[in-house]
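Reading through the structure tokens given below for one structure.
Indexing begins at 1, ligand by ligand and atom by atom, following the structure's order. Everything quoted here is computed from the prediction, not taken from an experiment.
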Amino acid sequence: MIDLHEVSVRQVRGIGAQKAEELGSLGIRSASDLLEYFPFRYEDYHVRDLTEAKEGEKITIQGTIYSEPVMQRFGRGKARLSCKVVSDKFFITAVWFNRPYMKEQLKPGLEIVLTGKWEGKRQQMTVSTSEFVGKENSRVGTLQPIYSVAGEVTQYGLRRMIAQALAQYGEMIQEVLPHELMAKYDLMPRKRAVALIHNPADVSEGNKARRRMVYEELFLFQIKLQAYRAMNKSRADGIAHTVDSEAVRGFVRALPFQLTDSQKKVVAEILEDLRKPFCMNRLLQGDVGAGKTVVAAISLYAVVKAGSQGALMVPTEILAEQHKRSLERLFEPYGIQVGLLTGSLTERKRRELLASLQMGLIDILVGTHALIQEDVFFRKLGLVVTDEQHRFGVNQRSILRRKGMTPDVLTMTATPIPRTLAITAFGDMDVSTLRELPKGRKPIKTYAVKHDMLERVLGFIDREAKAGRQAYVICPLIEESEKLDVQNAIDVHAQLTHHFPSLRVGLLHGRMSAAEKEEIMTAFGANELQVLVSTTVIEVGVDVPNATLMVVYDADRFGLSQLHQLRGRVGRGEHQSFCVLLADPKTEVGKERMRAMVETNDGFEIARRDLELRGPGDFFGTKQSGVPEFRVADMMADFETLELARDDAAELVARSEFWTSIEYLPLRQYLQREQVLTGELLD
Ligand code: ADP
Ligand code: MG
């Protein structure tokens, strides 16, 4: 059997060096790439009746030429050719632009098929393609595939090359799906699907072929994740921590609060993983304020007690400082040393820190992504926790592996990920979820108001401050921008300082040095500042329980999940908290977004609406999210298929025949090609 992935497109008749290079720019290198370069839509050349044509619709009709063509020339070599055509009972004007050579061919009495845009009011068709009845290789009565092309590659050229590839290699296309799954969903064979998706006889045939390829794409994607997950668990090259349950219980008892049932359950899941010899790869999701940090602290404590070191990786320096302080407070009674590694350490401090880390004098290192840089060596790294939005990818794992470290990994996220995305982006992970907030939390009251209500909002800030509470005021930008008519932190800080002579108003933004930021956050944490004007640098993780009011200027400029994160900065203590969104949304979607925020405090519900309003591409806003781009499948529309494919893949991978039987050889070869079997899954 020839593997079409190994056959260069140069082997396809008619494709030389030049064409091969052009195809290369579309990512097409092998015969299989070419065969699997699927159209993204079809143009319908089935002849229809004008009575059913909608205004402005593109339609194909048949008719008889009635009058001699008339040519008008205008502009630089531009030409308009028109003639009368009778189609059914319609007497229409057909117009061709810039095809003067057609004049000789259009003879009254000839039967012609026209495809073009119908303008009913003028009884006119602007023709995009036409052909005389009886032409060889007629496209009439077919669906023509439309491919995404660029550069030198044309639709027509690509169609011909694909047709040639199908003629040469179509019969050699190998099945990859197991028979039982094809039977289960009544999917057509791969060979047939690939041929039909390029040349379906009609829409329903095209859909059937597409359905097969969608399932295949999602299934292959899932088999990759599930195989990776299964292999990770069987590899047993991680650390089997000897967790001291008694000590952990003591640590939990000493906390200033009782764990919620959710927290207890999640801690148990993590401790169980820590004891096992494989590398834990667990996602901990929980809404803002659900109490993920303490779960991380307990896990780190367990690992340190068992003789390893831990690392906590966070997205911002502010958060690193905060976590360092709170972990220090928790761990001090146990003599556990916490270090802080950020980009702003002096060279000498950094060297000292890294030396103590390597000697094992530091038990837990907190920092930004600098944590896993090449020159950071632990004595024995047992657990990496990443907090908020970092996907600790396989790349990062392999950096550590190369340094001889195989830590367990716990990824925490407060971006409540809708199931669709969770399955795709985190399908290779085990998932723990904090389903409840700590008891006694009062739901945050949210108001969306127009900017002209500012006076009253300021009165609100004043009242909260007089009651001993604190407020955040968030602005979208740091400085004034001529282009964007938005409030900026520096201006707002000046205004509020002036407006509240008896309050202390602080300012925080991303252009400040790490030391300045830390100073401000410490002061706010100690209630030395009653109001903190800030950009979104405090978006995630910041924890000041005495803050009860969150005011967001230009709230319509933020994403919903971002607003939910910002709102999550309040409502962290016993006092009733409030969130005021200042916005003058102009569009319906804008109003709908504000409504969503007011109506629900549930992060999952907000994420769902956000995804609906924005689509998956924008949802994470970052490339590192791990959400793949599918070629045929549409993550939203094909979600049910995605779930089925996930279950099918997980079940198959769990069967021992999967790794041995000839029936699954094509799937194993696929895993080999994707380098899953060597452990280097793509990020
Ligand atoms: P997040 O999940 O958003 O990271 P945090 O871990 O910052 O949430 O916790 C939010 C606040 O709730 C913190 O002040 C934390 O000390 C507190 N907290 C966590 N767990 C509990 C609990 N079981 N009971 C009461 N308060 C808790
Ligand atoms: Mg947190």
Legend entry - salt_bridge(Glu352, Lys349) N-O dist < 4.0 Å: no

Legend entry - Min N/O separation Gly291 to ligand 1 under 3.5 Å: yes

Inset, instruction - Give a yes or no on whether a salt bridge exists between Asp584 and Lys591, defined as a side-chain N under 4.0 angstrom from a carboxylate O. - result: no

Legend entry - Under-4.0 Å salt bridge between Lys305 and Glu246: no

Inset, instruction - Report yes or no: does Ala290 have a heavy atom closer than 4.0 Å to ligand 1? - result: yes

Legend entry - Residue that, paired with Met280, satisfies side chain to side chain contact (heavy atoms under 4.5 Å, CB included) out of Val409, Leu383, Asp430, Val384: Leu383

Inset, instruction - For Gln258, take its heavy atoms, then give the atoms of ligand 1 lying under 4.0 Å from any of them. - result: 22 (C), 23 (N), 24 (N)

Inset, instruction - Check Arg441 against ligand 1 and report side chain, backbone, both or neither, counting heavy atoms closer than 4.0 Å. - result: side chain

Legend entry - Atoms in ligand 1 with a heavy atom of Val288 nearer than 4.0 Å: 3 (O)

Legend entry - Contact (N/O only, under 3.5 Å) between Gly289 and ligand 1: yes

Legend entry - Contacts of Phe278 that satisfy side-chain contact (heavy atoms from CB on, under 4.5 Å) - sequence neighbours left out: Lys233, Asp273, Lys276

Legend entry - Lys466 and Asp462 ion-paired at < 4.0 Å: yes

Legend entry - Atom indices of ligand 1 within 4.0 angstrom of Asp543 heavy atoms, with elements: 13 (C), 14 (O)

Inset, instruction - State whether Arg441 and Glu574 are salt-bridged, where the test is any N-O pair (Lys NZ or Arg NE/NH1/NH2 against Asp/Glu carboxylate O) under 4.0 Å. - result: no

Inset, instruction - Show which atoms of ligand 1 fall inside a sub-4.0 Å distance from at least one heavy-atom site of Thr260. - result: 23 (N)

Legend entry - Residue Thr293 vicinity, atoms of ligand 1 by number, heavy atom under 4.0 Å: 4 (O), 5 (P), 6 (O), 7 (O)

Inset, instruction - Decide whether the shortest distance between a heavy atom of Gln285 and an atom of ligand 1 is less than 4.0 Å. - result: no

